[in-house]
Amino acid sequence: MDSLLKEAAALVREAQRVLVFTGAGLSTESGIPDFRSPGGVWDKYDPSDFYFDRFLSDEKAREKYWQMSTEFYRTMKDAQPNRAHIAIRELEDMGKLLAVVTQNIDALHQKAGNSPEKIIEIHGTAFSVSCLSCGKKYDRDLIEERLKSGVKVPYCDDCGGILKPDTVSFGQAMPQDKMEQAFRYARECDLCMALGSSLVVYPAASIPIHASDSGAKLIIINRDKTPLDDRAALVINFSAGKALGTIIDMLRSSGNN
Ligand code: NAD
């Protein structure tokens, strides 16, 4: 493991524009379960219950969605960044970070101190809610209070429209401006680090593919194998927090960042 981490540190040292691509595995060490690992969210819920068209068409589906989403939000609300998030902030401090493109909705990159303009949340955020009819925005905690008081499915105060957290559900359109920006960064980076992601969720996984097609080196750090491992200059099957923390420590101790 040590020699792999040294190789990774050497690639980061050489790089000038690092695109970091993160998934749910980055936040498991902060106590937020991922979707696909044993004990993850899909062990407990059936993903097909949460398709966007069902959310739109079926009051019962909305009720189920809010139950799952609220339980998940409560684990996220007070979670704190772990060593991996801090290491990514340190990459920014070193002047190497082009951007963080994240599939996560937990705001931990913001809490770790990365600049907001460097964070692209392609699957949205769990911390706000919008009306799907008039677009009115609500703070998530306000909606939380309503749910705690017994409301099962919240609706818009202004127009009575359906409210939904600002996250992208299965079957819901991706935010086009954010995807375009993410693909631009994929073309501009010289190193892409895919961290804590199964790399099976599309179109998100096409971002590291686009980076590697555009000539960037790819480092994958993930506990399990991924379908993109063959493309990578380096694959590290290890804890994201420990691996990234060690890589940053190596860069610092060499004094050459
Ligand atoms: P995923 O659940 O498909 O895969 C997570 C991967 O992380 C797995 O391959 C697992 O081996 C790995 N992993 C888990 N803990 C790890 C650790 N400590 N160190 C290294 N690797 C670790 O997640 P995904 O690829 O992000 O895609 C699924 C979807 O899940 C995304 O759309 C995302 O929006 C959503 N999601 C987000 C959160 C969050 O915001 N924290 C949590 C769960 C799911």
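Being a predicted model, the structure only gives us computed values, none of them experimental. The first residue of the sequence shown is numbered 1, and numbering continues consecutively from there. Remember, it's 1-based here, ligands and their atoms both numbered in the order they're listed.
Regarding atom 28 (C) of ligand 1, its nearest protein heavy-atom neighbour is R36 NH1, 3.3 Å. Ranking the protein heavy atoms by distance from atom 32 (O) of ligand 1 puts H123 ND1, 2.7 Å first. Given atom 18 (N) of ligand 1, the protein heavy atom at minimum distance is E29 OE2, 2.7 Å. Of the protein's non-hydrogen atoms, the one nearest atom 5 (C) of ligand 1 is D34 OD2, 3.5 Å. In this structure, atom 39 (C) of ligand 1 lies nearest to the protein heavy atom D106 OD2, 3.6 Å. Protein heavy atom closest to atom 12 (C) of ligand 1, with residue, atom name and distance, is N222 OD1, 3.1 Å. Atom 17 (C) of ligand 1 has G25 O, 3.3 Å as its closest protein atom, hydrogens excluded (heavy atom only). Nearest to atom 37 (C) of ligand 1 among the protein's heavy atoms is N104 OD1, 3.8 Å.
Of all the atoms in ligand 1, the ones that sit under 4.0 Å from a non-hydrogen atom of I32 are 41 (N). Which parts of ligand 1 touch S27 is read off a 4.0 Å heavy-atom cut-off, strictly below it: atoms 41 (N). Of all atoms in ligand 1, listed by their number and element, those nearer than 4.0 Å to a heavy atom of S239 are 19 (N).
No side-chain N or O of Q176 forms a donor-acceptor pair with one of Q181 less than 3.5 Å apart. There is no side-chain donor-acceptor pair under 3.5 Å between R223 and S239.
Surrounding CD of E117 are more than 12 heavy atoms belonging to other residues, nucleotides or ligands, all under 6.0 Å away. Under a cut-off of 6.0 angstrom, the local environment of CD in E180 is crowded, with over 12 non-hydrogen atoms contributed by other residues, nucleotides or ligands.
For the residues G23, G31, A107, S198, the heavy atom positioned nearest atom 4 (O) of ligand 1 is part of S198. Among L244, T125, D224, the residue whose heavy atom lies closest to atom 10 (C) of ligand 1 is D224. Taking all heavy atoms of A24, A84, A205 into account, the minimum distance to atom 23 (O) of ligand 1 is reached by A24. Of the candidates F72, F238, F170, F35, F72 brings a heavy atom nearest to atom 42 (C) of ligand 1.
Salt-bridge check for K111 with D106: failed, with every basic side-chain N at 4.0 Å or more from each acidic carboxylate O. Using a cut-off of 4.0 Å between Lys/Arg side-chain N and Asp/Glu carboxylate O, D166 and R140 are scored as not salt-bridged. We find that K64 and E59 are not joined by a salt bridge, their nearest charged nitrogen and carboxylate oxygen being 4.0 Å or further apart.
Contacts with ligand 1 closer than 4.0 Å are made by side-chain heavy atoms of T28 only, the backbone lying farther away. With a 4.0 Å cut-off on non-hydrogen atoms, P33 touches ligand 1 through its backbone and not its side chain. Of the heavy atoms in I105, both backbone and side-chain atoms come closer than 4.0 Å to ligand 1. At a heavy-atom distance under 4.0 Å, atoms from both the backbone and the side chain of Q103 approach ligand 1.
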Derivation of the side-chain hydrogen bond (donor to acceptor under 3.5 Å, both in side chains) call for S214 and R187: CA-CA 6 Å; S214 308; R187 283 191 292 279; over 6 Å; no
Working for side-chain hydrogen bond (donor to acceptor under 3.5 Å, both in side chains), residues R62 and Y155: CA-CA 11 Å; R62 285 196 283 280; Y155 289 95; 3.2 Å; yes
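Under the 30°/60° scheme for interplanar angles, the aromatic rings of Y51 and F170 are found to be tilted.
For the side-chain contact (heavy atoms from CB on, under 4.5 Å) criterion with M193, the lone passing option out of T22, V100, L11, V12 is V12.
Interatomic distance, W66 CH2 to K164 NZ, rounded to the nearest 0.5 Å: 8.5 Å.
At a 3.5 angstrom cut-off on N or O pairs, V201 does not count as close to ligand 1.
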